[in-house]
There are 2 protein chains.
Amino acid sequence: MKASAKTPNAYSAQCPTRQILDRVGDKWAVLILLLIRHEPMRFNALRRTIEGISQKMLSQVLKSLERDGLIKRRAIATVPVTVEYSITPLGATLADAVDPLRDWAEKNLKEVLNAQRRYDAARKDMAA
Amino acid sequence: MKASAKTPNAYSAQCPTRQILDRVGDKWAVLILLLIRHEPMRFNALRRTIEGISQKMLSQVLKSLERDGLIKRRAIATVPVTVEYSITPLGATLADAVDPLRDWAEKNLKEVLNAQRRYDAARKDMAA
DNA sequence: CTGGATCCACACGGATACTG
DNA sequence: CAGTATCCGTGTGGATCCAG
């Protein structure tokens, strides 16, 4: 994909923050991370708990998290096969780094929603 | 969009964290936030600095950040119009909450990349 | 200079069916 | 149970042209 040739160069592209932000921004990745943060979970358990996720996405995200060394996959050769996903030490530190964001979200979401309403109201006035 | 009817209900949907995570995960939002964190910037300045972004995306993200009350738009009626974007107090606190993530990224990106290489190597062996 | 509007390609992601 | 493979609709985002 010639990522080195014409990449934007700037402030943005290969910046570590950006890459991690992309991971964190993933619709499901962090959610999964937080779910298995304290106890391992099986594939369908995750599927059921999250519920909004398709099995395609789940398996895809799990694979990419495993690839990043953030979670660990452990297949147990039982009769109908059991697979257990658990967080790695590395993944745990990432989960920790996400915590401030959760705090911020819980504290400030209301204010964000207010801002949105104000903004929308102002725009509506323009229209009228 | 009947968001309340059949929404996944679970752990995921209307959770504040999720909503903020989506914002943070936005490819450009946080980047912009960090860029104007200490000094206001004009539209084209941002455009040039980020460089990978299209004008459509930039204007779109700026609008959504403004709507969320995270940045402030200030139009100055000069000859060819000048617009200055600056961070709000609310936006500043979000930027602060993102810092741990930046730290984590800078500290651990290498390890993540290593994990990726190991993973890929292992898979390649499977193929061969 | 700062965008809005439009057109369009392509990747993302859901639904479904099938396998080990 | 834990996935993979396929088909396919849709949203996302780039390119371009135009306007205040």
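Residue numbers start from 1 in every chain, and the chains themselves are labelled A, B, ... in the order their sequence lines are given, proteins ahead of strands.
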Original post:
Can a side chain N or O of B:Y85 be found less than 4.0 Å away from OP1 or OP2 on C:dC1?
Top reply: no
**OP:** Select base, sugar-phosphate, or nothing to describe what A:R47 touches, counting heavy atoms under 4.0 Å on all strands.
**Re:** nothing
Subject >> Shared hydrophobic cluster for A:L58 and B:L21 (ILVMFWY, side-chain gaps under 4.5 Å) >> reply: yes
Original post:
What integer distance in Å separates A:R123:CZ from C:dG3:P?
Top reply: 12 Å
Original post:
Quick one: are B:L62 and B:L46 in side-chain contact, heavy atoms under 4.5 Å?
Top reply: yes
Original post:
Any idea which heavy atoms bring A:T17 and B:E106 closest together, and the distance?
Top reply: OG1-OE2, 4.1 Å
Original post:
Which residue lies toward the 5' end of DNA chain D, A:K63 or A:P80, if each is placed at its nearest nucleotide?
Top reply: A:P80
Original post:
Is there a side-chain polar atom (N or O) of A:R42 under 4.0 Å from OP1 or OP2 of D:dA2?
Top reply: yes
Subject >> Least distance between heavy atoms, B:E84 atom then B:P40 atom >> reply: CG-CB, 3.5 Å
Identify each atom pair where a protein N or O and an N or O of nucleotides 12-15 of chain D are less than 3.5 Å apart, giving names and distance.
| residue | atom | partner | partner atom | Å |
| --- | --- | --- | --- | --- |
| D:dG13 | N7 | B:K56 | NZ | 3.0 |
| D:dG14 | OP2 | B:S54 | OG | 2.6 |
| D:dG14 | O6 | B:K56 | NZ | 2.4 |

**OP:** Identify the two heavy atoms, one from A:Q55 and one from A:F43, that lie closest to each other, and give their separation to 0.1 Å.
**Re:** O-CZ, 4.0 Å
**OP:** Nearest whole angstrom, please: distance from the P of D:dA2 to the CG of A:L58.
**Re:** 10 Å
Original post:
Contacts to DNA chain C from residues 64-76 of chain A, heavy-atom cutoff under 4.0 Å, which residues?
Top reply: none
**OP:** Please report the closest heavy-atom contact between A:I20 and B:A105, naming both atoms and the distance.
**Re:** CG1-CB, 3.2 Å
Subject >> Rounded distance (Å) that lies between atom P of C:dT2 and atom CE of B:M41 >> reply: 11 Å
Original post:
A:I32 CD1 to D:dA2 P: how many Å, rounded?
Top reply: 14 Å
Original post:
Can any side-chain N or O of A:T82 pair as donor or acceptor with the backbone N or O of A:I76 at less than 3.5 Å?
Top reply: no
Original post:
Between B:D22 (CG) and D:dG11 (C1'), how many Å, whole number?
Top reply: 14 Å
Original post:
D:dC1, D:dG3, D:dG20: which one has an atom nearest the side-chain heavy atoms of A:V83?
Top reply: D:dG3
**OP:** Taking only the side-chain heavy atoms of B:S59 (C-beta and beyond), determine which of D:dT4, C:dG4, C:dT2 contains the nearest atom.
**Re:** C:dG4
Original post:
Minimum heavy-atom separation for B:I87 to B:A95, with atom names?
Top reply: CD1-CB, 4.4 Å
Subject >> Rounded distance in Å - CG (B:L46) to P (C:dT2) >> reply: 9 Å
Original post:
Which one of B:Q116, B:R118, B:R117 satisfies the side chain to side chain donor-acceptor pair (under 3.5 Å) criterion with B:N114?
Top reply: B:R117
Original post:
How many Å lie between CG on B:L62 and C1' on C:dC1, as a whole number?
Top reply: 14 Å
